[in-house]
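Every chain is numbered from 1, with letters handed out A, B, ... down the list of sequences. Both backbone and side-chain heavy atoms feed into the values below; hydrogens, waters and symmetry mates do not.
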Number of protein chains: 2
Amino acid sequence: MSRGKARAALLGELEEAMRRSSAQGVLYGQAVADIAGISGSDLECLDFLNLEGRVTAGRLAEVTGLTTGAITGVVDRLEKAGYVRRERDESDRRKVFITVVPEATAKIGQFYVPMQQAMQKVWSGYSEEELRLLLRFALDGYKGVLEATEALKTVIDAPAEKRASLKTPKPRR
Amino acid sequence: MSRGKARAALLGELEEAMRRSSAQGVLYGQAVADIAGISGSDLECLDFLNLEGRVTAGRLAEVTGLTTGAITGVVDRLEKAGYVRRERDESDRRKVFITVVPEATAKIGQFYVPMQQAMQKVWSGYSEEELRLLLRFALDGYKGVLEATEALKTVIDAPAEKRASLKTPKPRR
DNA sequence: CTAATTATCTTAGCGACTAAGATATATATC
DNA sequence: GATATATATCTTAGTCGCTAAGATAATTAG
């Protein structure tokens with residue numbers, strides 16, 4: 001019995017530890033946004049722009065799940081704060097490309113340095129084989145959460161009557 | 001060279017996979033809140049209440065980082081929706097204990113079933129020893145993110161001048 | 001009893017969001 | 001080429017949840 005923790009208890013601890021670090025990760029992101037003086041959505045867009053380089057306003061709406069109207073506000077704020085520029089697409093003048101100004105990338109990037117350093121430190125404690133296991137788990141976990149999100153939609157659509165009917169189910173906007 | 005992926009590439013993939021699953025996890029939580037017809041903050045409080053059982057309004061403000069005024073609104077909405085009840089503390093009548101009504105626990109709980117099932121499925125693919133490694137990593141990771149959050153505050157306090165000075169640093173509220 | 005403290009609620013105002021529709025440009029059909 | 005439809009973004013009006021400040025009520029200290 002002393003050989004190995006009971007699996008159920010192990011899973012419980014694992015779940016809690018993951019929940020905690022995930023929540024703390026969200027807090028970190030919010031802290032970065034606060035320091036940068038922008039909203040969480042603004043930072044999310046800025047991060048995406050840094051990855052993709054040059055993206056239309058409409059694409060930002062897609063990936064963030066915001067309306068195009070909200071994105072107009074996001075870009076207005078980011079542009080006013082000097083983080084991004086609007087550039088009309090010359091071949092299709094309806095489109096507006098958003099680009100990050102290089103100095104902004106550096107300025108925001110510095111706020112992620114502490115996180116990168118902390119993660120490097122953590123990773124340094126693992127062998128390559130162990131890291132491969134972690135990667136497998138991270139990929140499995142992502143797939144799992146995706147599945148769960150899909151399954152959740154099923155729960156919604158199924159017994160539409162019994163759903164959130166503790167009181168009024170709040171009319172869908 | 002074919003023996004084992006280069007460590008740097010491995011770490012890159014690991015980082016991305018973790019970032020993705022974390023982001024998807026946030027989306028899942030938001031989806032649950034949407035279905036339940038409450039805000040993200042409301043759900044956060046409800047989850048905490050389910051863990052702790054019976055908690056004062058002030059404690060909710062502490063753990064969520066919201067003001068007491070905001071908590072009044074949260075509890076108002078949750079109570080109106082029938083998820084919680086207010087109960088004055090008889091021995092100190094300034095305090096208000098919030099309790100979850102049992103049916104609400106069940107009602108919200110069902111939205112987490114898909115996630116629990118997906119995670120069980122994932123975990124079933126790992127040996128107990130592998131799970132122990134994952135737990136070690138989750139704990140290390142949590143510590144790392146906490147450290148990073150601390151270190152980030154240092155970045156803030158240090159060269160107060162150069163911070164977010166791309167334009168105006170936006171006055172602290 | 002009075003003053004200070006504690007716990008919650010109220011009020012005013014703000015920022016970010018959605019829904020709907022306006023505007024400008026592009027594409028398809030005749 | 002003219003007309004209709006589609007696409008991409010912006011504008012407007014209204015909503016929601018938040019904070020800051022202070023009001024209210026109950027408790028504790030002097």
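Projected onto DNA chain C by closest heavy-atom contact, A:S91 and A:S41 fall at different nucleotides, the more 5' of which corresponds to A:S41.
What separates CD of A:E79 from C1' of D:dT9 is a distance of 13 Å, to the nearest Å. As a whole-Å value, the separation of B:Q30 CD from C:dT18 C1' is 14 Å. Per the geometry, CD belonging to B:E90 stands 15 Å off C1' belonging to D:dT27, to the nearest Å. Summarising the geometry, the separation between CD on A:E44 and P on C:dA16 is reported as 14 Å, rounded to the nearest angstrom. Between A:L66 atom CG and C:dA20 atom C1' the separation is 17 Å, expressed in whole Å. Rounding to whole angstrom units, CG of residue B:D89 and P of D:dT27 are separated by 9 Å.
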Give the B/S/- string for nucleotides 6-13 of chain C, one per nucleotide from 5' to 3', where a protein heavy atom under 4.0 Å of the base yields B, of only the sugar-phosphate yields S, and otherwise -. BSBBB---
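Ion pair A:R136/B:E130 flagged as a salt bridge, since at least one NZ, NE, NH1 or NH2 atom sits closer than 4.0 Å to an Asp/Glu carboxylate oxygen. Of the charged side-chain nitrogens involved, at least one lies within less than 4.0 Å of a carboxylate oxygen, so that A:E16 and A:R20 count as a salt-bridged pair. Ion pairing between A:D89 and A:R54 fails under the 4.0 Å rule for side-chain N and carboxylate O. A salt bridge is absent between B:E79 and B:R85: the closest approach of a Lys/Arg side-chain nitrogen to an acidic carboxylate oxygen does not fall below 4.0 angstrom.
Between B:R77 and the phosphate of D:dC18, there is a side-chain N or O to OP1/OP2 separation shorter than 4.0 Å. Contact between the side-chain N/O atoms of B:S39 and the OP1/OP2 oxygens of D:dC16 is not found at any separation under 4.0 Å.
For A:T67, taking side-chain heavy atoms from C-beta onward, the closest of the listed nucleotides C:dT25, D:dT19, C:dA19 is C:dA19.
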Tabulate below the donor-acceptor pairs under 3.5 Å that side-chain atoms of residues 93-101 of chain B make, not counting sequence neighbours, or state none.
from: B:R93; atom 1: NH1; to: B:E90; atom 2: OE1; distance (Å): 3.3
from: B:R94; atom 1: NE; to: B:D92; atom 2: OD1; distance (Å): 3.1
from: B:R94; atom 1: NH2; to: B:D92; atom 2: OD2; distance (Å): 2.8
from: B:T99; atom 1: OG1; to: B:E87; atom 2: OE2; distance (Å): 3.4

Verdict with supporting geometry, B:E147 and B:K143, salt bridge (charged side-chain N to carboxylate O under 4.0 Å, His left out): CA-CA 6 Å; B:E147 275 176 32; B:K143 245 180 49 186; 5.3 Å; no
